[in-house]
Amino acid sequence: MAQSFKIKGNVIDKETKEPIEFATIAIVGSTQATKTDELGNFEFSLPNKNVKVRVSYVGYPSQDLDLSSGKTYFSIALAAENEIAEVIIKKPRLKYSNKNNPAVELIRQVIDHRDQNRLTGQDFVEFEQYEKISLGLSNLSEKFVNKKAFKNYQFLFQKQSDSTSTYVLPAYMEEKVSKVYYRNDPKKTKQYIIAEQKAEFDPKFVDNEGLANYFNKLYDKVDIYDNNITLLTNQFLSPIANSAPTFYRYYITDTIKTSKSYLVELSFFPRSKGDFLFQGKLYVTLDGQYAVQGTKMKVSEDINLNFVRDLNIELTFEKDNINKYFLSRSALGIDFALTGKGKGVQGNRVVYYKDYVNGMHRPDSLYAGAEVEKIIEKAPATNQRQYWAGLRQAPLTNQEKAIYQNIDSLQTMPSFRRFMDVAALILSGYKQAGPVEIGPVNTFYSYNPVEGLRLRIGGRTTEQLSTRFFSEAYAAYGFEDKKWKYFVSGTYSINNKSVYKFPQHYIRASYQHDTKIPGQNLEFIQEDNVLLSFKRGENKSYLYNDTYKIEYKAEFGNHFSINAGLTKWKQTPAGVIRYQIIPEMGDPTIINEVNTTEANIGFRWAPKEQYYQGKLYRTPIYNEYPIFTFNYTAGIKGALDGEYNYHNFTAGVFKRVYLSQFGYADVNLDGTYILGDNIAYPLLTLHRANQTYAYQLQSYNLMNFMEFISDHHASINVQYYMNGFILNKLPLIKKLQLREVFSFKGLYGGLRDQNNPTYNRDLFAWQRNIDNEISSFTFGDKPYMEASVGLGNIFKVLRVDYVKRLNYLNQPNVSDWGIRARIKVDF
């Protein structure tokens, strides 16, 4: 009786020496088969030595293994059936044309049949999905690995492959198993996550949930049937998009006979190498469905894509229960690096699909609720490893297996924790001190003309002290005004979670005595940041604020949030600000302070919002969904010394608009209406001005502080990023990989006569500057407008704009143009 035995091996591309993942090793005439892993390796048990074993992969000739020698390890190099370059060499002088081009006619058939072949063209679909994302440092030399600094970390490094002398350092791993259900009418996708695990760092240093969101956005789902494929926060035009024949060249490079039908190998290239397009091969069925059976594609090296050394996509499709092709495997690999050679970060996202059923009707209750829901099945406490081995549709590589244990080991090493502490200080500005964080350090020193040199020290408590109670405080001293400023707050977490993480649900009480520039509301930066100490023009409009607040905030799973509060606010003028009433007859009356009591409620809805939660701010990971905000504030006269009655309604919407090959635009619309009469201008809308040399997205960069005041307004702010669509086509300039940036900001509003000091002498007079000229105004018969044109991606991190103020140029101390800069790191 013949004895069974096991063979092993490795499958690579003969030309590139790259491993071929998902190649099939099968016994001819049998259903027994296996697949290669991500490194091209395989193991296969055979019933005896007399069987015929064949290695195959789409686009390569099959190869049979010789088992007669008795060897059990095979190194297989598959040669591509047809090199794309040969198409170009054979007919180098033919002008490419879409007309009468069989390749274009074929791709148009694929486009015409796209909706009936894709998942969203089916009535009901369900499947099980297993996905994993892994990242690690790559291309590390032996000299680097053996450095003295890494003496205690040798267990982390692994050989990149058996055939190279370079190493990798696996650093992140996430796995997820889901049951997915799709319904076409009404359209709804429901994903039930039944198991997930990831390598997590100490939450004191890293927002693990935000990190997972960010990696999932970078390694987004790849759907070849979408018009645009979003990767690395950019959109790439699919080779089977409606407009694809306008941007791509297509060539029929082979016809392949499979066991089920013929496939056409269709090679495609960008017409312009600098555009956000792919190049590669499509395998199209000739069974009348014109479906995509597989694809291998990458991006051109000439593309204006920062920090990306290599990007590869492989998709494989198989027939379902009604002979429709479904995605059975998706693999995305991206190699990041600062240079073309040397060390980098290599990441992979692989998704497997099984138990694919087309046409199964499910009750409406199955699709109810949020699109993604976790119903985690409890794994056996004593057999976690075996449990996950049974869930995975493909085994982990040796590198991936080590990640979970390595990250756990790192957390216990004092040297690594010291490194993370220093990294957190540099990146977030806070220094860990047990259950307290000291910072932010960039506010320790600043300067302004009212306070002079300003020194500040502060800190806050963390979850280590309590998950219920959080406090924050700072003290600052100005050497010019010789006054102390301070802030203290106490927060109670209703959901017993950190008040700095989603979902927030807390009550906070605070008191602040500090200076402020009226109308300046900064995002993602502190007002006393040392980098904002340098300002253009006159900068002496300040207030001393005394603010008592009680706030309530609740965030919900659908990213709808509510905030409400009660504020007692005293404003005392400083610098050149004067609160004075100037009657038609008689002497001016100087007002030393303004007291208000306000109650407010606000709503915010950001569908499917994702972000990275830092120590101070949430860094948004933008998507295609709009963000809506609404706030109502009521001034209450007679309550807690409040001197005014008013009702302030504010609404806004933000939307990122993707324009495929032409980049994207961020559009902000907002408006305010304030009801009430005889309201002093400090309580109206003081529009957001910017007198620093930094380009601020939400401020008017050539407007002076307190220059425009209104009780009703509407505004538009458009930031258009063209991603180098023009500059990438210009000789020599394209080598700089610069990107065009355009902006327009328009603001129009006004003051009703009852709130306008020009017509109502019982109000505070218009603000005046140091030369006693009126420096605050309302709008005339035209909106305030400014526009800019800029260059982004300078040294990959800098945006510089030429900003032009388009009107209201006769007002005092205004600049009609300026150069502004902003740090912007993007792919």
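Counting begins at 1 with the first residue of the sequence.
Other residues, nucleotides and ligands contribute more than 12 heavy atoms inside 6.0 Å of the NZ atom of K188. Residue-environment remark: NZ (K298) stays at or below the threshold of 12 foreign heavy atoms within 6.0 Å. Atom NZ of K824 has more than 12 neighbouring heavy atoms from other residues, nucleotides or ligands inside a 6.0 Å radius. Counting non-hydrogen atoms of neighbouring residues, nucleotides and ligands closer than 6.0 angstrom, the NZ atom of K735 reaches no more than 12 such neighbours.
The CG atom of D320 lies 11.5 Å from the OG atom of S328; values are rounded to the nearest 0.5 Å. Atom CG of N41 is separated from atom CG of N10 by 5.0 Å, given to the nearest 0.5 angstrom. Remark: F247 CZ to L237 CG distance equals 6.5 Å, nearest 0.5 Å. How far CG of L332 is from CG of N348: 8.0 Å, rounded to the nearest 0.5 Å. Rounding to the nearest 0.5 Å places CZ of R249 at 11.0 Å from CG of N98. Summarising the geometry, atom CZ belonging to F236 is positioned 5.0 Å from atom CG belonging to L305; distances are rounded to the nearest 0.5 Å.
None of E174, E196, E400 except one satisfies the salt bridge (Lys or Arg N to Asp or Glu O under 4.0 Å) rule with K132; the exception is E400. Partner I252 forms a side chain to side chain contact (heavy atoms under 4.5 Å, CB included) with one of N101, V104, V284, L266 and no other, that one being L266. Among the candidates Y251, F269, Y248, the single residue satisfying the ring-ring contact (aromatic ring centres under 6.0 Å, His included) test with Y96 is Y251.
For Y721, the ring-ring contact (aromatic ring centres under 6.0 Å, His included) partners are Y664, not counting sequence neighbours. For D115, the side chain to side chain donor-acceptor pair (under 3.5 Å) criterion is met by no residue, not counting sequence neighbours. In terms of the salt bridge (charged side-chain N to carboxylate O under 4.0 Å, His left out) criterion, residue partners of K608 (sequence neighbours excluded) are, by chain and number, E371. Under the rule for a side chain to side chain contact (heavy atoms under 4.5 Å, CB included), the partners of S272 that lie at least two apart in sequence or sit in another chain are D275, K729. Looking at residues two or more places apart in sequence or on another chain, you find a side chain to side chain contact (heavy atoms under 4.5 Å, CB included) between E126 and Y181, V357, M360, R362. Applying the side chain to side chain donor-acceptor pair (under 3.5 Å) test to Q191 and every residue at least two apart in sequence or in another chain returns S178. With sequence neighbours excluded, the residues forming a side chain to side chain contact (heavy atoms under 4.5 Å, CB included) with L659 are V657, F662, Y720, listed by chain and number. Partners of N306 under the side chain to side chain donor-acceptor pair (under 3.5 Å) rule, at least two apart in sequence or in another chain, are N793. Listed by chain and residue number, E128 satisfy the salt bridge (charged side-chain N to carboxylate O under 4.0 Å, His left out) test with K179 (two or more places apart in sequence, or in another chain). Remark: E175 engages R392 in a salt bridge (charged side-chain N to carboxylate O under 4.0 Å, His left out) (not counting sequence neighbours). Not a single side chain to side chain donor-acceptor pair (under 3.5 Å) links Q737 to another residue, sequence neighbours left out. Checked against salt bridge (charged side-chain N to carboxylate O under 4.0 Å, His left out), K324 has no partners two or more places apart in sequence or in another chain.
The shortest heavy-atom contact between Y325 and Q293 is CE2-CG, 4.0 Å. When all heavy atoms of E624 and K655 are compared, the closest pair comes out as O-NZ, 2.8 Å. The minimum heavy-atom distance linking G724 with E740 is given by the pair N-OE1, 2.7 Å. Summarising the geometry of I229 relative to D223, their closest heavy-atom pair is CG1-O, 3.7 Å, with the distance given to 0.1 Å. Minimum heavy-atom separation, T120 to K187: O-NZ, 3.6 Å. The shortest heavy-atom contact between A79 and P61 is O-CD, 2.8 Å.
Side-chain contact check for V351 versus R349: some heavy-atom pair is nearer than 4.5 Å. Side chains of L263 and T285 form a contact here, defined as non-hydrogen atoms less than 4.5 Å apart. A heavy-atom distance below 4.5 Å is not found between the side chains of I303 and L311. L282 is listed as a side-chain neighbour of I107, based on a closest heavy-atom distance under 4.5 Å. Within the 4.5 Å cutoff, the side chain of F44 has heavy atoms near those of the I27 side chain. In this structure the side chain of T36 never reaches within 4.5 angstrom of the side chain of V55, judged on heavy atoms. Side chains of I403 and Y172 form no contact here, defined as non-hydrogen atoms less than 4.5 Å apart. At a threshold of 4.5 Å between non-hydrogen side-chain atoms, the residues L119 and Y356 count as touching.
Side-chain contact annotation: T253 with E265, donor-acceptor N/O pair under 3.5 Å present. For the residue pair R54/S56, the side-chain donor-acceptor check at 3.5 Å is not satisfied. Side-chain polar atoms of R114 and N227 form a donor-acceptor pair below 3.5 angstrom.
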### Task
Given side chain to side chain contact (heavy atoms under 4.5 Å, CB included), test N228 with Y658 step by step and report yes or no.
CA-CA 9 Å; N228 294 289; Y658 289 100; over 6 Å; no
### Query
Where do L791 and L736 land on the side chain to side chain contact (heavy atoms under 4.5 Å, CB included) test, with the steps shown first?
CA-CA 11 Å; L791 292 175; L736 299 175; over 6 Å; no
### Query
Run the side chain to side chain contact (heavy atoms under 4.5 Å, CB included) check on F74 and I25 step by step: do they pass?
CA-CA 11 Å; F74 295 86; I25 297 87; over 6 Å; no
### Message
For a side-chain hydrogen bond (donor to acceptor under 3.5 Å, both in side chains) check, start with the C-alpha distance between N184 and Y182, then their side-chain angles and the critical distance, and finish with the verdict.
### Response
CA-CA 7 Å; N184 194 8; Y182 171 78; 3.3 Å; yes
### Task
Start with the C-alpha distance between N623 and T230, add both sets of side-chain angles, then the distance that settles side chain to side chain contact (heavy atoms under 4.5 Å, CB included), and finish with yes or no.
CA-CA 10 Å; N623 56 34; T230 302; over 6 Å; no
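By the 6.0 Å and 45° rule, K190 stacks over the aromatic ring of Y192.
Taking the six-membered ring for Trp and thresholds of 30 and 60 degrees, Y250 and F268 have ring planes inclined between 30 and 60 degrees apart.
In this structure, the ring of Y283 has its center no less than 6.0 angstrom from the ring center of F317.
A donor-acceptor pair is defined here as one N or O able to donate and one able to accept, closer than 3.5 Å; such a pair exists between the side chain of Q122 and the backbone of R118.
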